[in-house]
Amino acid sequence: VADMVGPNVPARQQLMRTMNEQLLLDHIRRAGQVSRADLARISSLSKPTVSDVLVNLERSGLVRVSGTRTGVPGPAAVLYEIRPEAGFVLGLDVGRRWLRGALGDLAGTVRSRSSLKVPAEGGHSRVALLGQLADQLCAEVGIHRAGITQTVLGSPGVYDPQRDALALAGALASWERPRVLTQLRQEFGAELLMVNDVDAAALAERANGHGRDVESFAFVSVGTGIGMGLVLGGRLYRGAHGAAGEIGYLPLGEESGDARDARRRGTFEAAASAAGIVRAARRSGMRGPVSARNVFSAAGRGDARAAKIVADEALLVAKAICAVVTVADPDLIILGGGIGQAAGFLEAVRAELRHLAPVQPELRVSALGPDAVVDGCLAAGLDRAWELVTSTAAPPESTGAA
Amino acid sequence: VVNGDSTGSAILSVLYDSDPMTRPELADRTGFSRPTVAEAVRRLVDSGLLSEAGVRRGGLGRVPTCYRIAPTAGYVIAVDIGGSNLRIAVADLTGAVHVERRQATRGTGARQVAAQTARMIRDAVRETGTGLGPLRRVGVAAPGVIHADGRTMSTAHNLGDDGPFDLLTPLEAAVDAPVVLDNNVNLAALAERWRGHAAGVATFAFLAVGAGVGMGLVHNGDILRGAHGAAGEVAYLPLPGAVPHSQRPGHGRELLAAEAGGYGMLAAVTAYPDWPGPRPSTVEELFSQAATGVPAARELVEAEAHQLGLTIASTCAVFDPALVVLGGGIGSNPVLLPVVRRTVAALVPFPPRLECSALGEAASLTGALRIALDGAREDLAAGLPPATPAANAQAS
């Protein structure tokens, strides 16, 4: 699902679980709450075997009694569930101005959430700040950092194995230095998982958003930066170099972008990101403190120059979506980011796309807020944490699953 | 419960792609015991699928018999329906081609072309006679979008037909064997993975440039088809094209489609003011004028290469392939490659490897042969009679 940064480090020291334990854990996770008799029926194991395994799982803290089933004839059945505290996932999001994070348990419940602003005066290491954020999140839940099963960091850029560093980090250029990765591994351990931030947002859409029930979709984020997370066949598609969805590099809008900016972060991103809108506003003669936000609000108030800039932006974004359709043809396009989620923007994009694309995908505005990247990291980390906590080879003397 | 004869199908799948082998060699390769293999070989020989390939010389002691796929085990037909040519190949089950024919595509519209294709298939069956055994499968490369039903084709522009048109029924009526269809560009991509540059490459794209442009995208051996079958329809990329944006009457699909490829190049020749000397009337003439140094011709060939570079850069930004193979009548011309490479490298951070097709004009036909062989072999494996207990007892 995501980049494993660094060598494939063997999972931490853990108890060996038998095949039977693993089998029952999977059933319990799927069922949520389940009785001993139900487990015996679903797993085809004998009731005494199920009892033995449950005792072991309870003793090792993976499973707990959640209550009893009442209201049915016969004696009340004891129900078992996964103990949420059996594992923790830390999700972090590194932005230019904000660092966000959340700590979730093995049941997928978010237990603490926080964010902090990167001080403008500089001199603060983002890695150290992320460490502080992690400490704070753990303290709120009452666990030590060592109790985190899996940490996932959503970040701009992609992992470049040749340099063993991040690349294409856009506005976070300092993040591309190889020592950043070294420091991150020191702070969060070698098992740290890195996910591109837009890919993480796409994973959040798949887990909790519009992407839940579709085979394929593209999460297209247009804001201060531009990127896309592509889900094909229900899985995040990353490409040969991890650069799939780097749509900022589409050769679109050359005439309206800045040539230097285009070389640095791609033709389309230079033209259509917030900086591109500000440049277009200056060209059209708008004065004073111009931002993408106030161009959009001026357009909303009926300012003709601003409206023209927004209309051009909609055409440009429609062209990018058309490119995505002609190459990958997903079922659904989800628009996100400060510009992508602006009021009325989707309708303008849809009207342009109708003229451009050979087939029309469904278009929707992301309903996820600023925590999307963190939530996507938690979703990616949860599967991983589950594997770490439960999956182990059966010991040689094991009699197998049945 | 294993259906059919698993030893038999393992033996067949080894021998499809190898030199003749002895029974002990087959036992080593398939992992089945020698008696089991010996019995399965006997059954395959009895059913006409294997034959003895003579004995190997030079060894000491007993001379072992080698076995191979019987020359009369059956055959497949591959067809490539193109806008200017229909190609057909007859191959045995090992993929060796015995007959290859080509005809100019006559008439316009899918109906007429389908009738001509059916005639051509019947002629190939007649010409093959009984020398290769029974016809087992026909694979067809078609120029339009093939619907999910596997029968219907639409937007076959180079047949002058928007469809939808049921292409399968008239072809099925021509032969007594299953017929399978796929898009010609997708099949060219599969062919490139089978016998070309993409062997062993997990993620790649095949960019076909002929009269128009189209792309086949492959990830882990599977063709990416898209939610509406439009994946790889790169003719509709909204690129800054030969027609300046300000001069377009609208953002019409047809205009966008006309930009890259042969139609677009010839349109650009027509639109070119004051062509020095005789104006080229075909793409071949245009390329040969470019080769002799006619500046206008060179300019248009470079513009085409640039346009293809933009198409590939767009593909990289979305799909990030490790390799892009350029094929088709125009795309496989290596003269385009330097400008294509330069354009892509200037635009995207991780440029893919770029190659001209190793298969040239035969790419789609080769892909059609591949799906015909796959189908025929699957049918054979599924249809083998199961090993009977009595047969096993005899073997031991």
Side-chain angles (χ1 to χ4, degrees), chain A residues 158 160 162 167-168 214-218 226-228 230 232-233 237-255 262-263 265-269 315-316 318-332 352-362, chain B residues 145 155 201-205 213-215 217 219-220 222 224-240 244-246 248 250-253 255-257 306-307 309-324 343-344 346-353:
Chain A
V158 299
D160 178 359
Q162 282 179 350
L168 314 181
V214 289
E215 266 284 289
S216 60
F217 71 91
I226 288 179
M228 177 177 86
L230 186 60
L232 299 176
Y237 173 80
R238 302 184 57 255
H241 314 91
E246 290 289 331
I247 55 169
Y249 293 91
L250 282 170
L252 296 173
E254 197 176 5
E255 61 289 341
R263 269 195 302 280
R265 56 176 180 161
T267 315
F268 174 56
E269 182 164 326
L315 173 60
L316 206 47
K319 283 183 174 179
I321 291 174
C322 178
V324 175
V325 168
T326 57
V327 174
D329 183 22
D331 291 285
L332 165 71
E352 294 290 354
L353 189 64
R354 209 161 281 146
H355 299 292
L356 291 169
V359 295
Q360 299 296 320
E362 193 186 348
Chain B
V145 172
T155 62
V201 181
T203 302
F204 72 95
V213 293
M215 189 177 261
L217 302 126
H219 178 55
N220 289 342
D222 291 328
L224 176 67
R225 295 178 189 275
H228 315 84
E233 291 288 326
V234 290
Y236 298 110
L237 276 171
L239 297 174
H245 190 73
S246 54
R248 284 187 196 159
H251 313 297
R253 288 164 53 164
L255 268 174
L256 292 166
H306 181 71
Q307 195 73 6
L310 295 178
T311 301
I312 293 170
S314 303
T315 305
C316 294
V318 176
F319 188 67
D320 185 27
L323 164 73
V324 177
T343 307
V344 175
L347 289 168
V348 299
F350 294 116
R353 185 157 71 90

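Below, chain A is the first sequence line, B the second, and so on; all start at residue 1. Only this structure's heavy atoms are used, side chains among them; waters, hydrogens and symmetry mates stay out.
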Q.
Using 0.5 Å steps for rounding, measure from the OG1 atom of T203(B) to the NE2 atom of H241(A).
A. 9.5 Å
Q) What pair of heavy atoms forms the shortest contact from L168(A) to P349(B), and how long is it? A) CD2-CB, 3.5 Å
Q. If you take all heavy atoms of D320(B) and G239(A), which pair is closest and at what distance?
A. OD2-C, 3.5 Å
Q. Can you say whether A202(B) sits under 4.5 Å from chain A via the side chain, the backbone, both, or neither, judging by heavy atoms?
A. neither
Q | Top contributor to chain A contacts, counting heavy-atom pairs under 4.5 Å, from A205(B), A322(B), A231(B) | A | A231(B)
**Q.** Part of P251(A) within contact of chain B (heavy atom distance under 4.5 Å)
**A.** both
(Q) Return the SG to CG distance between C316(B) and L250(A), rounded to the nearest 0.5 Å. (A) 10.0 Å
Q) Tell me, side chain or backbone of L217(B) under 4.5 Å from chain A's heavy atoms, or both, or neither? A) side chain
Q. Side chain, backbone, both or neither: which part of I247(A) has a non-hydrogen atom closer than 4.5 Å to chain B?
A. both
Q) At a heavy-atom separation under 4.5 Å, does L310(B) approach chain A through its side chain, its backbone, both, or neither? A) both
Q | Heavy-atom contact with chain B under 4.5 Å, split by part of Q360(A) | A | backbone
Q | Interface residue of largest heavy-atom contact number with chain A, from A317(B), G226(B), P352(B), under 4.5 Å | A | A317(B)
Q: Measure the acute angle between the ring planes of H219(B) and Y237(A), then classify it against the limits of 30° and 60° as parallel, tilted or perpendicular.
A: perpendicular
(Q) In the structure I gave you, are the side-chain heavy atoms of V318(B) and M228(A) within less than 4.5 Å of one another anywhere? (A) yes
Q: Give the minimum heavy-atom separation between A243(A) and F350(B), together with the two atoms involved.
A: CB-CD1, 3.6 Å
(Q) So does A313(B) get a backbone contact from the side chain of Y249(A), meaning a donor-acceptor N/O pair under 3.5 Å? (A) no
**Q.** chain B contact via V325(A) - which portion, at a heavy-atom distance below 4.5 Å
**A.** backbone
Q: Looking only at non-hydrogen atoms, find the nearest pair between Y236(B) and C322(A) and report the distance.
A: O-SG, 3.4 Å
Q: Return the option, out of P361(A), A328(A), G253(A), with the maximum number of heavy-atom pairs under 4.5 Å with chain B.
A: A328(A)
(Q) Between L332(A) and chain B, with a heavy-atom cut-off of 4.5 Å, which part of the residue counts as in contact: side chain, backbone, both or neither? (A) neither
